[in-house]
2 protein chains.
Amino acid sequence: MRRSFEDMKILLRQQNIKLSHHRLKVLEYLAKHHIHPTVEQIYDDLHKEIPTLSKTTVYNSLHALANAGLVRIITIEDNETRYDLEVEPHGHFKCERCGIIFNFTIDIDKISTNELNHFEIREKSVYFKGICPTCLQQVKDNDYWRIGI
Amino acid sequence: MRRSFEDMKILLRQQNIKLSHHRLKVLEYLAKHHIHPTVEQIYDDLHKEIPTLSKTTVYNSLHALANAGLVRIITIEDNETRYDLEVEPHGHFKCERCGIIFNFTIDIDKISTNELNHFEIREKSVYFKGICPTCLQQVKDNDYWRIGI
DNA sequence: TTACTTATTTGTAATAATTACAATATCATA
DNA sequence: TATGATATTGTAATTATTACAAATAAGTAA
Ligand SMILES: [Mn+2]
Ligand SMILES: [Mn+2]
Ligand SMILES: [Zn+2]
Ligand SMILES: [Zn+2]
């Protein structure tokens, strides 16, 4: 249920957010790489293509896109913010060994919130941490258990 | 279902974590102030009592206590880490206006995780953002709606 | 107690992510 | 093409966290 690139352009136009070259490149990057990238990753990769791109512009673009509701900001670790084009509610699992962030579907409404009746909820986040299957296998092959991860 | 101070001391001794004066002060602070404080808050408040306390020690103590399983690290915003003595699973609601973080109970196991069957889950987090009842009222009294928050 | 060993604390410096801001470039429209 | 508004850049500032070595405190056994 991912939005098409054209739909996103329309959304941006509706909200009077200019479709500047760099913004579209950032958007395109997110659309191509569903890996919840960091600013660093986006900047490093795009910089190869667009040598004049600055990191500030990546930040600016992501904030503009987030305000427009096209991009979701994911905070799992306090030392890195990650960005996601998928704005439909879903959970995130971060592997503590390889760092990859996986999506998983959740029925967010099953989380009872009767205690929050008088709160206005604007955003819901669910994230898990642990070890992914690939890393579990590697860990089994070696004996890294001893060192904790 | 909060742990008693004595129980926590026993846990620390079991794990061979020394009950140093400063660590106990940090622990005591968390026990008295269930406000999910930042390092800054802990440091500022304790520093009045213990003028020789350094911020590094607050970080060290919190990490030691977290490793011992007595303290939970909460990452909601990427620019501030918060700490919680309550390690039983529960959700957090952060008010985007006043910044207060509220607890709420969740039945974490209701979140279906069949997609994560082959993952080893070590930690689950649920947090919401929005506006708390107090702020909603204040906002209604004024007309801050216009400015978005 | 004392001497010795080990862990903690301190203070400062380094790191790293993000933001602020002013100058410059680009875009949209007339 | 000219004009005004917005986007982008580059740099500097800010801020949270970590690294590290020296000083201090705590723990232990004689
Ligand atoms: Mn995602
Ligand atoms: Mn809590
Ligand atoms: Zn992994
Ligand atoms: Zn509030």
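Chain letters run A, B, ... following the sequence lines, proteins first, then strands; residues in each count from 1.
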- Query: Residues sharing A/I10's hydrophobic cluster, by side-chain heavy-atom contacts under 4.5 Å among ILVMFWY, directly or via others?
  - Reply: none

- Message: How would you summarise protein contacts on nucleotides 3-10 of chain D per nucleotide, using B for base, S for sugar-phosphate only and - for none, with heavy-atom distances below 4.0 Å?
- Response: ---SSBBB

- salt bridge (charged side-chain N to carboxylate O under 4.0 Å, His left out): which pairs involve residues 50-71 of chain A, sequence neighbours left out? A/E40-A/K55

- Can you name the side chain to side chain contact (heavy atoms under 4.5 Å, CB included) partners of A/T75, sequence neighbours left out? A/I73, B/T75, B/D78, B/Y127

- Pairs satisfying ring pair (Phe, Tyr, Trp, His ring centres under 6.0 Å), at least one member in residues 94-113 of chain B, at least two apart: A/F119-B/F102, B/F104-B/F128

- So how far off straight is the helix from C/dT1-D/dA30 to C/dA30-D/dT1, going by the axes through five pairs at either end, to 10°? 30°

- Message: In whole Å, I'd like the distance from the CD atom of A/E80 to the P atom of D/dA16.
- Response: 19 Å

- Message: For DNA chain D, which residues of residues 32-49 of chain B approach it to below 4.0 angstrom with any heavy atom?
- Response: none

- Sequence neighbours excluded, every pair satisfying salt bridge (charged side-chain N to carboxylate O under 4.0 Å, His left out) that has a member inside residues 61-77 of chain B: B/E77-B/K94, B/E77-B/K129

Show every donor-acceptor pair shorter than 3.5 Å between a side-chain atom in residues 12-24 of chain B and any protein atom, with sequence neighbours excluded, or say none if there are none.
unit_1: B/Q15; atom_1: NE2; unit_2: B/A68; atom_2: O; d: 2.7
unit_1: B/S20; atom_1: OG; unit_2: B/R23; atom_2: N; d: 3.4
unit_1: B/R23; atom_1: NH1; unit_2: B/K18; atom_2: O; d: 3.1

- Message: Does D/dT18 have OP1 or OP2 under 4.0 Å away from a side-chain N or O of B/H63?
- Response: yes

- Task: Would you mind reading off the distance between B/Y59 atom OH and C/dT10 atom P, rounded to a whole angstrom?
- Result: 15 Å

- Indicate whether OP1 or OP2 belonging to C/dT18 is found under 4.0 Å from a side-chain N or O atom of A/T81. yes

- Residues in side chain to side chain contact (heavy atoms under 4.5 Å, CB included) contact with A/N114, at least two apart in sequence or another chain: A/S112, A/N117

- Taking only residues two or more places apart in sequence, or in another chain, which ones meet B/H33 in a side chain to side chain contact (heavy atoms under 4.5 Å, CB included)? B/Y29, B/I35

- Query: Listed by chain and number, what are the side-chain hydrogen bond (donor to acceptor under 3.5 Å, both in side chains) partners of A/Q137, not counting sequence neighbours?
  - Reply: A/D141

- Task: Quick one: pull up CG in A/L27 and NZ in A/K32 and give me the separation to the nearest 0.5 Å.
- Result: 11.5 Å

